[in-house]
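In what follows, a single structure is set out as structure tokens and then discussed.
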Amino acid sequence: DMANIKSSEKDIRRTATRTARNVARRSRMRTYVKRVEVALAAGDAEAANKALQIAQSELDKAAQKGVIKRNAAARKVSRLNARTRALASA
């Protein structure tokens with residue numbers, strides 16, 4: 001903590017809190033995306049579909065909170081959805 005000004009010290013505390021929160025959110029998002037990936041790799045269409053619903057919700061939340069951009073979330077959901085559908089129809 002190098003700051004000597006009260007407001008700067010508070011800013012540093014706030015940034016640390018925010019960073020920790022965003023890291024947790026990003027990690028959570030990645031976990032749920034990975035579950036879809038694992039189900040797809042295993043060829044389990046039903047599990048992939050269930051995991052996709054949760055992952056979509058997590059991606060949208062992450063976008064809403066500013067962890068990732070809205071279009072990035074939409075793109076990831078779209079790609080996972082396409083792969084899940086392809087597996088289901090195969």
Side-chain angles (χ1 to χ4, degrees):
D1 217 45
M2 297 300 291
N4 292 321
I5 296 162
K6 274 258 199 281
S7 61
S8 297
E9 287 176 350
K10 185 173 180 179
D11 284 341
I12 289 166
R13 286 197 308 272
R14 269 209 200 117
T15 303
T17 305
R18 240 185 258 127
T19 301
R21 195 174 289 145
N22 284 338
V23 166
R25 282 186 181 133
R26 172 163 283 152
S27 171
R28 185 180 162 91
M29 175 190 81
R30 285 180 178 155
T31 300
Y32 285 106
V33 170
K34 188 183 263 182
R35 285 185 189 173
V36 181
E37 300 277 0
V38 168
L40 286 169
D44 189 344
E46 194 180 327
N49 210 19
K50 282 181 181 170
L52 176 66
Q53 287 179 332
I54 301 166
Q56 184 170 358
S57 169
E58 286 299 326
L59 284 161
D60 289 341
K61 275 182 204 166
Q64 199 175 7
K65 301 292 183 187
V67 177
I68 57 172
K69 293 193 171 169
R70 219 176 69 220
N71 281 359
R75 183 181 65 241
K76 287 175 192 291
V77 167
S78 173
R79 287 177 182 172
L80 286 172
N81 198 12
R83 287 168 59 196
T84 306
R85 277 202 318 267
L87 181 65
S89 66

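All figures in this text were calculated on a predicted structure; none of them were measured in a lab.
Residues Leu87 and Ala39 come closest through the heavy atom pair CD2-O, 4.5 Å. Taking both residues in full, the closest heavy atoms of Leu59 and Ala73 are given as O-CB, 3.7 Å, listed atom of the first, atom of the second, then distance.
Atom CD1 of Ile5 and atom CD1 of Ile12 lie 10.0 Å apart (nearest 0.5 Å). Expressed to the nearest 0.5 Å, how far OG1 of Thr84 lies from CG of Leu52 amounts to 4.5 Å.
In this structure Arg14 satisfies the salt bridge (Lys or Arg N to Asp or Glu O under 4.0 Å) test together with Asp11, sequence neighbours excluded. Checked against salt bridge (Lys or Arg N to Asp or Glu O under 4.0 Å), Arg83 has the following partners two or more places apart in sequence or in another chain: Glu37. Partners of Thr19 under the side-chain contact (heavy atoms from CB on, under 4.5 Å) rule, at least two apart in sequence or in another chain, are Thr15, Val23.
Taking 4.5 Å as the limit, some side-chain heavy atom of Ile68 sits within range of a side-chain heavy atom of Met29.
Note on Val77: it clusters hydrophobically with Leu40, by side-chain heavy-atom contacts below 4.5 Å among ILVMFWY residues.
Sorted by first and then second residue, the side chain to side chain donor-acceptor pair (under 3.5 Å) pairs involving residues 44-70 (not counting sequence neighbours) are Arg28-Glu58.
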